[in-house]
Amino acid sequence: QVQLVESGGGLVQAGDSLRLSCAASGRTVRNYGMAWFRQAPGKEREFVAAVFRNGGYTYYADSVKGRFTISRDNAKNTVYLQMNSLKPEDTGVYYCAADPGIILSNIREARGYGSWGQGTQVTVSS
């Protein structure tokens, strides 16, 4: 099973930017679907963004579309989430997820991913 480690979280002000990284180890994730989810206090984990195996297809939650960009560097076995124009409602713990068998119909579903990182905290102040 692949191990995932997120980094790049922090405390920022509304309107600022952050770039999260998810470094994979244990095996190459070249053929894995990769995603970011987030969880705010008292709320369920929600889908943020995903990139399909070949990197050519990306998917976003409506709440982040146009502000966040997911990308992958297969040579570095790493996935990124560039977050611009951050809002207080973007606050939460951001988790990286991966699965080799993810399909388009469940790419937004947390239950479709078998590997998860420990999360990185993002806090956006108003």
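Just the heavy atoms: all of them, side chains too, but no hydrogens, waters or symmetry mates, feed the values below. Residues take their numbers from the sequence shown, with the count starting at 1.
Of the inter-residue distances, the one linking E44 atom CD with R38 atom CZ reads 14.0 Å to the nearest 0.5 angstrom. The line from OG1 of T58 to CZ of F52 is 12.0 Å long, rounded to the nearest 0.5 Å. Taking CG of L4 as the reference point, atom OG of S25 lies at 7.5 Å (rounded to 0.5 Å). Taken from CZ in F47 to OG in S63, the straight-line distance is 9.5 Å, to the nearest 0.5 Å. With rounding to the nearest 0.5 angstrom, the CZ atom of R19 is 5.0 Å from the OH atom of Y80.
Annotation: side chain of Y32 is in contact with side chain of R27 (closest heavy-atom distance under 4.5 Å). For the pair Q13 and V124, the minimum side-chain heavy-atom distance is 4.5 Å or more. Two residues are said to be in side-chain contact when any heavy atoms from C-beta on lie closer than 4.5 Å; Q82 and S71 fail this criterion. The shortest distance between side-chain heavy atoms of L86 and L18 falls below 4.5 Å. In this structure, W36 and I70 have side chains that are in contact, with non-hydrogen atoms separated by less than 4.5 Å. No side-chain heavy atom of M83 sits less than 4.5 Å from a side-chain heavy atom of R67. For the pair Y59 and L104, the minimum side-chain heavy-atom distance is below 4.5 Å. Put simply, the side chain of F68 reaches to within 4.5 Å of the side chain of V48, judged on heavy atoms.
For E89, the side-chain contact (heavy atoms from CB on, under 4.5 Å) partners two or more places apart in sequence, or in a different chain, are K87.
The main-chain N or O of E46 is never found under 3.5 Å from a side-chain atom of Q39 such that the two would form a donor-acceptor pair. The backbone N or O of R53 lies less than 3.5 Å from no partner atom in the side chain of R30, so there is not a single donor-acceptor pair. Under a 3.5 Å cut-off, the side chain of R72 and the backbone N or O of N77 do not form any donor-acceptor pair. One N or O on the side chain of D99 and one on the backbone of G114 form a donor-acceptor pair closer than 3.5 Å. Checked by atom type and distance alone, the side chain of Y113 never pairs as donor or acceptor with a backbone atom of P100 at under 3.5 Å. T120 contributes a side-chain N or O that, together with a main-chain N or O of G9, makes up a donor-acceptor pair within less than 3.5 Å.
I107 and Y57 fall within a single hydrophobic cluster, where Ile, Leu, Val, Met, Phe, Trp and Tyr are joined by side-chain heavy atoms under 4.5 Å apart, directly or via other members.
When all heavy atoms of V29 and N74 are compared, the closest pair comes out as O-OD1, 4.5 Å. Taking every heavy atom of both residues into account, G33 and I102 meet most closely at CA-CG2, 3.5 Å. Nearest heavy-atom pair, P88 versus S126, reported as atom, atom and distance to 0.1 Å: CG-CB, 3.8 Å. For the pair Q3 and Q1, the tightest heavy-atom approach, listed with the atom from each and the gap, is NE2-O, 2.8 Å. Across all non-hydrogen atoms, the minimal contact from C96 to M34 is SG-CE, 4.0 Å. The two atoms that bring S115 and V2 nearest to each other are OG-CG1, 3.2 Å, heavy atoms only.
Between D73 and T78, the side chains place no donor N or O within less than 3.5 Å of an acceptor N or O (distance only, hydrogens not considered). Side-chain atoms of N106 and R108 form no donor-acceptor pair, as typed in the model, at a separation below 3.5 Å.
Residue pairs meeting the disulfide (SG to SG under 2.5 Å) criterion with at least one partner in residues 97-126, sequence neighbours excluded, are absent.
Taking the ring centroids of W116 and F37, they lie under the 6.0 Å cut-off.
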Inset, instruction - Check step by step if side-chain contact (heavy atoms from CB on, under 4.5 Å) holds for Q121 and T91. - result: CA-CA 8 Å; Q121 176 71 45; T91 294; 4.1 Å; yes

